[in-house]
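Reviewing the structure listed below.
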Amino acid sequence: MAALNADIPFHHPDRPGSEFRPLKAWQHFKQLMADKEDTEQVFHIIAALRGRKFRTIANRFWSSDKGQRLLTTNERLIDVLDDHDTLKQLPAGTVGRAYVDFMEREGLSAAGLEAEYAKFTTAGMRFEDGIDRYGDRLRDTHDLHHILTGYGRDALGEQCVLAFTYAQHRNLGVGFIAYAGGIELKRRVAPSAPILAAVHEGYRIGKAAKNLVHEDIIALLREPLADARARLGIPTPTAYHTAHEAMRSDGIDPYNLLAAAA
């Protein structure tokens, strides 16, 4: 594929030709299941199963007028999303205000996720090409996906966000984590809850919605949350809340599944 501009190739010549290594992905998935907090394993799985579809979608975006403008401005989403003082000046009910409230309540930052990703890239896995740049944009907007979809940071909510993301970007690694994680959740913690129905609903919503990563993020942050969801085609998820109700009926706190598993 052609270079994005004079300085940035879309596919760096040193990048491995094959980005579909299922055995490698499975090894890292087993490590992730052994330690759910080991976020580095997620990035290894995603890289091992990136595949051609993801590459095609990324190339299409960077080749668009919007993508070319972003390359020219060299906009860093982390700087925008972690500027909480500015976001707090937005009117109540906007995407940006909902985002900063969520991030501060959960003790999160976009830079924190970048730091987790840095553990993965120390193994020489970064090429500074268009694929890396698109992956950065997807990584940096992950928590914004929670705000726009309405999925929480509970275990099921994370799987649903990943299923939504897989539908939008076709990265097989993301899809693998979403569905394999959903199966593990149902098997080990909540066998009577419609876990997989909730995960697949996230996929269906993501497939029908506009691609969030392709949005003008700065403009999106200023938009009323309800209006943004309607414009992007993101309805309230129902199977997710039904699964939560089923878990609570079984005496399981959806936000404390470690206790339930124990």
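Atoms considered below: every heavy atom in the structure, side chains included; atoms not considered: hydrogens, waters and symmetry mates. We're numbering straight along the sequence, starting at 1.
Following chains of ILVMFWY side-chain contacts shorter than 4.5 Å, one can reach Ile147 starting from Ile218, so the two form part of one hydrophobic cluster. Residues Leu232 and Val95 are members of one and the same hydrophobic cluster, defined by side-chain heavy-atom contacts under 4.5 angstrom among Ile, Leu, Val, Met, Phe, Trp and Tyr. Note on Leu196 and Leu172: separate hydrophobic clusters, where clusters join Ile, Leu, Val, Met, Phe, Trp and Tyr whose side-chain heavy atoms are under 4.5 Å apart, directly or indirectly. No single ILVMFWY cluster, assembled from side-chain heavy atoms under 4.5 Å apart, contains both Ile78 and Val80.
Annotation: side chain of Arg231 is in contact with side chain of Glu223 (closest heavy-atom distance under 4.5 Å). In this structure the side chain of Phe176 never reaches within 4.5 angstrom of the side chain of Tyr166, judged on heavy atoms. Considering only heavy atoms from C-beta on, Arg50 stays 4.5 Å or farther from Arg55 through its side chain. Side-chain contact between Val174 and His169 is absent, with no heavy-atom pair separated by less than 4.5 Å. Side-chain contact between His12 and Ile131: absent, with no pair of heavy atoms (C-beta onward) separated by less than 4.5 Å. In this structure the side chain of Thr94 never reaches within 4.5 angstrom of the side chain of Arg222, judged on heavy atoms. By the 4.5 Å heavy-atom criterion applied to side chains, His44 and Asp38 are not counted as neighbours. Tyr179 has its side chain out of reach of Leu162: every pair of non-hydrogen atoms, C-beta onward, lies at least 4.5 Å apart.
Between atom CG of residue Asp143 and atom CZ of residue Phe102 there is a gap of 5.0 Å, rounded to the nearest 0.5 Å. With values rounded to the nearest 0.5 angstrom, Asp253 atom CG is found 9.5 Å from Met247 atom CE. Atom CG of residue Leu225 and atom CG of residue Leu220 lie 9.0 Å apart, to the nearest 0.5 angstrom. Distance check: Arg153 CZ to Tyr255 OH gives 10.5 Å after rounding to the nearest 0.5 Å. The CD atom of Gln27 lies 6.5 Å from the NZ atom of Lys30; values are rounded to the nearest 0.5 Å. Interatomic distance, Ile45 CD1 to Lys24 NZ, rounded to the nearest 0.5 Å: 10.5 Å.
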* **Intermediate values then yes/no, side chain to side chain contact (heavy atoms under 4.5 Å, CB included), Met103 and His146** => CA-CA 10 Å; Met103 297 297 279; His146 280 284; over 6 Å; no

* To do: Could you go through the side chain to side chain contact (heavy atoms under 4.5 Å, CB included) check for Phe164 and Leu212 one step at a time?
  => CA-CA 10 Å; Phe164 178 98; Leu212 301 189; 3.8 Å; yes

* To do: Could you check His214 against Ile57 for side chain to side chain contact (heavy atoms under 4.5 Å, CB included), going step by step and ending with a plain yes or no?
  => CA-CA 10 Å; His214 295 185; Ile57 293 170; 4.2 Å; yes

* Asked: side chain to side chain contact (heavy atoms under 4.5 Å, CB included) between Leu70 and Trp62: does it pass, once the steps are laid out?
  -> CA-CA 8 Å; Leu70 287 172; Trp62 289 128; 4.2 Å; yes

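Around atom NZ of Lys66, more than 12 heavy atoms belonging to other residues, nucleotides or ligands sit under 6.0 Å away. Atom CG of Asp14 has more than 12 neighbouring heavy atoms from other residues, nucleotides or ligands inside a 6.0 Å radius.
Taking the charged nitrogens against the carboxylate oxygens, Asp136 and Arg133 have no contact shorter than 4.0 Å, which rules out a salt bridge. Look at Glu245 and Arg248 and you find no salt bridge, because none of the NZ, NE, NH1 or NH2 atoms lies under 4.0 Å from a carboxylate O.
Using a 30° and 60° split on the angle between ring planes, Tyr240 and Tyr151 fall in the perpendicular class, above 60°. A perpendicular orientation is assigned to the rings of His241 and His244, their planes being inclined by more than 60° (bins at 30° and 60°).
The closest donor-acceptor contact from the side chain of Lys186 to the backbone of Pro194 lies at 3.5 Å or more, if one exists at all. The main-chain N or O of Ile252 is never found under 3.5 Å from a side-chain atom of Asp250 such that the two would form a donor-acceptor pair. With hydrogens and angles ignored, the 3.5 Å screen pairs a side-chain donor or acceptor of Gln168 with a backbone N or O of Lys210. Side-chain atoms of Arg229 come within 3.5 Å of backbone N or O of Leu148 as a donor-acceptor pair. Checking side-chain atoms of Glu201 against main-chain N and O of Pro237 turns up no donor-acceptor pair under 3.5 Å. Thr141 places no side-chain N or O within 3.5 Å of a backbone atom of Leu144 that could act as its donor or acceptor partner. Side-chain atoms of Asp82 come within 3.5 Å of backbone atoms of Ala111 as a donor-acceptor pair (strictly under, hydrogens ignored). With Ser63 contributing its side chain and Arg60 its backbone, the two residues share no donor-acceptor pair below 3.5 Å. Judged by distance alone, with hydrogens and angles left aside, the side-chain atoms of Gln41 form no donor-acceptor pair with the main-chain N or O of Gln31 at under 3.5 Å.
Closest approach of Ala180 and Phe29 over heavy atoms only: CB-CZ, 3.5 Å. What you find for Val161 and His145 is that their closest heavy atoms are CG1-CB, 4.0 Å. In terms of heavy atoms, Gly96 sits closest to Leu90 at CA-CD1, 3.8 Å. Minimum heavy-atom separation, Asp140 to Leu81: O-CD1, 3.1 Å. Contact record, Ala243 with Leu156: CB-CD2, 3.5 Å, taken as the closest heavy-atom pair. For Arg137 against Glu215, the heavy-atom pair with the smallest separation is NH2-O, 2.9 Å.
In this structure, Arg52 is not positioned above the aromatic face of Phe54 in the sense of NZ or CZ being under 6.0 Å from the six-membered ring centre and within 45° of the axis.
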